[in-house]
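By convention here, the first residue in the shown sequence is residue 1.
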Amino acid sequence: MRIGEVARRAGVSVRALRYYEEQDLLRAERSSGGQRRYPDSAVDRVQLIQQLYAAGLPSRSVREVLRSVYTGTVEPGLLDRLESERARITTRITELLAARDRLDGVIATTRNPPPACARGRAAGGRARSAAHG
């Protein structure tokens, strides 16, 4: 599969794929004309890379995770680091859910203000109109 097709299917830029190659996260064969050719599995691999980056893992950890996923073995110390990363992600998810819940409350109150808020806004609006009229 050519680089443009992998980028399109994975939803990333061609530049991102080149970066992943530089970081030794993704490999491509070269055609006789020098064009990159990726295996069909590249799309899934790129999506996993994207998920790991989105979770906040650095390139080194992503590289180690990929190696473990595809070889089925874990380097010494990696499991502890992965468990630590998982705990950090879980904490972040909890924080994001709390922030989302707060935003939901603000949105709900703004769309359907309690009667006291609606009267206060209406009175403020009339007072401003009278002051400018």
Side-chain angles (χ1 to χ4, degrees):
M1 195 177 330
R2 293 175 60 170
I3 192 167
E5 186 175 357
V6 174
R8 183 182 53 77
R9 286 187 181 185
V12 300
S13 67
V14 168
R15 183 174 176 226
L17 296 178
R18 289 184 185 127
Y19 173 77
Y20 297 158
E21 282 187 53
E22 289 171 10
Q23 296 299 310
D24 197 29
L25 303 174
L26 185 64
R27 291 198 179 107
E29 302 271 327
R30 294 289 183 151
S31 70
S32 58
Q35 293 182 329
R36 290 173 171 87
R37 300 292 296 176
Y38 295 92
D40 291 339
S41 62
V43 173
D44 287 336
R45 186 175 182 100
V46 169
Q47 290 171 337
L48 176 57
I49 292 166
Q50 289 280 291
Q51 290 170 333
L52 296 171
Y53 274 141
L57 274 71
S59 292
R60 188 191 94 210
S61 295
V62 172
R63 192 175 312 105
E64 292 172 327
V65 168
L66 290 172
R67 197 173 304 122
S68 295
V69 166
Y70 294 104
T71 65
T73 62
V74 177
E75 294 179 14
L78 178 60
L79 194 54
D80 290 339
R81 286 198 316 273
L82 291 178
E83 287 173 342
S84 176
E85 285 294 337
R86 186 182 188 289
R88 183 190 58 76
I89 291 167
T90 299
T91 298
R92 186 69 180 130
I93 288 169
T94 301
E95 293 167 350
L96 287 169
L97 288 171
R100 185 195 62 192
D101 291 346
R102 299 279 307 261
L103 284 174
D104 285 347
V106 169
I107 291 167
T109 300
T110 302
R111 289 184 190 266
N112 301 306
C117 290
R119 280 195 304 272
R121 267 202 322 239
R126 278 196 302 272
R128 277 193 298 271
S129 297
H132 290 100

Can you check whether Ala87's main-chain N or O pairs, donor with acceptor, with Thr91's side chain at less than 3.5 Å? yes

How about Glu95: does its CD atom have over 12 heavy atoms from other parts shown lying under 6.0 Å from it? yes

Where do Leu79 and Val74 come nearest, in terms of heavy atoms and distance? N-CG1, 3.7 Å

Taking all heavy atoms of Thr110 and all of Pro113, pick out the closest pair and write down the distance. O-CD, 3.7 Å

Show the numbers, then the answer: is there a side-chain contact (heavy atoms from CB on, under 4.5 Å) between Arg45 and Val69? CA-CA 10 Å; Arg45 186 175 182 100; Val69 166; over 6 Å; no

Calculate, to the nearest 0.5 Å, the distance between atoms CD1 and CZ belonging to Ile93 and Arg88 respectively. 10.0 Å

To the closest 0.5 Å, what do you measure between CD (Glu75) and CZ (Arg81)? 7.5 Å

Correct closest heavy-atom pair for Glu21 and Ala28 would be OE2-CB, 4.0 Å

Looking only at heavy atoms, what is the nearest atom pair of Ser13 and Ala7, with distance? C-CB, 4.0 Å

Measuring from atom CG of Asn112 to atom CD1 of Ile107, what distance do you get when rounded to the nearest 0.5 angstrom? 11.5 Å

Can you confirm whether Val65 sits close enough to Glu85 that some side-chain heavy atom of one is under 4.5 Å from a side-chain heavy atom of the other? no

Could you walk me through whether Gln35 and Arg30 pass the side-chain contact (heavy atoms from CB on, under 4.5 Å) test, one step at a time? CA-CA 5 Å; Gln35 293 182 329; Arg30 294 289 183 151; over 6 Å; no

Rounded at 0.5 Å granularity, tell me how far CZ in Arg36 sits from CG in Leu26. 9.5 Å

What are the two closest non-hydrogen atoms of Pro39 and Arg27, and how far apart are they? CD-O, 4.2 Å

Contact between Leu25 and Tyr53 at the side-chain level, heavy atoms closer than 4.5 Å - yes or no? yes

Identify the two heavy atoms, one from Ala42 and one from Val6, that lie closest to each other, and give their separation to 0.1 Å. CB-CG1, 4.2 Å

Let me confirm one number: the CZ-CD1 distance from Arg63 to Ile49, rounded to the nearest 0.5 Å. 10.5 Å

Rounded to the nearest 0.5 Å, the CD atom of Glu64 sits from the CG atom of Leu52 at a distance of 11.5 Å

Trace of the side-chain contact (heavy atoms from CB on, under 4.5 Å) decision for Leu17 with Tyr38: CA-CA 10 Å; Leu17 296 178; Tyr38 295 92; 4.2 Å; yes

Side-chain donor/acceptor of Thr73 to backbone N/O of Ser68, under 3.5 Å: no

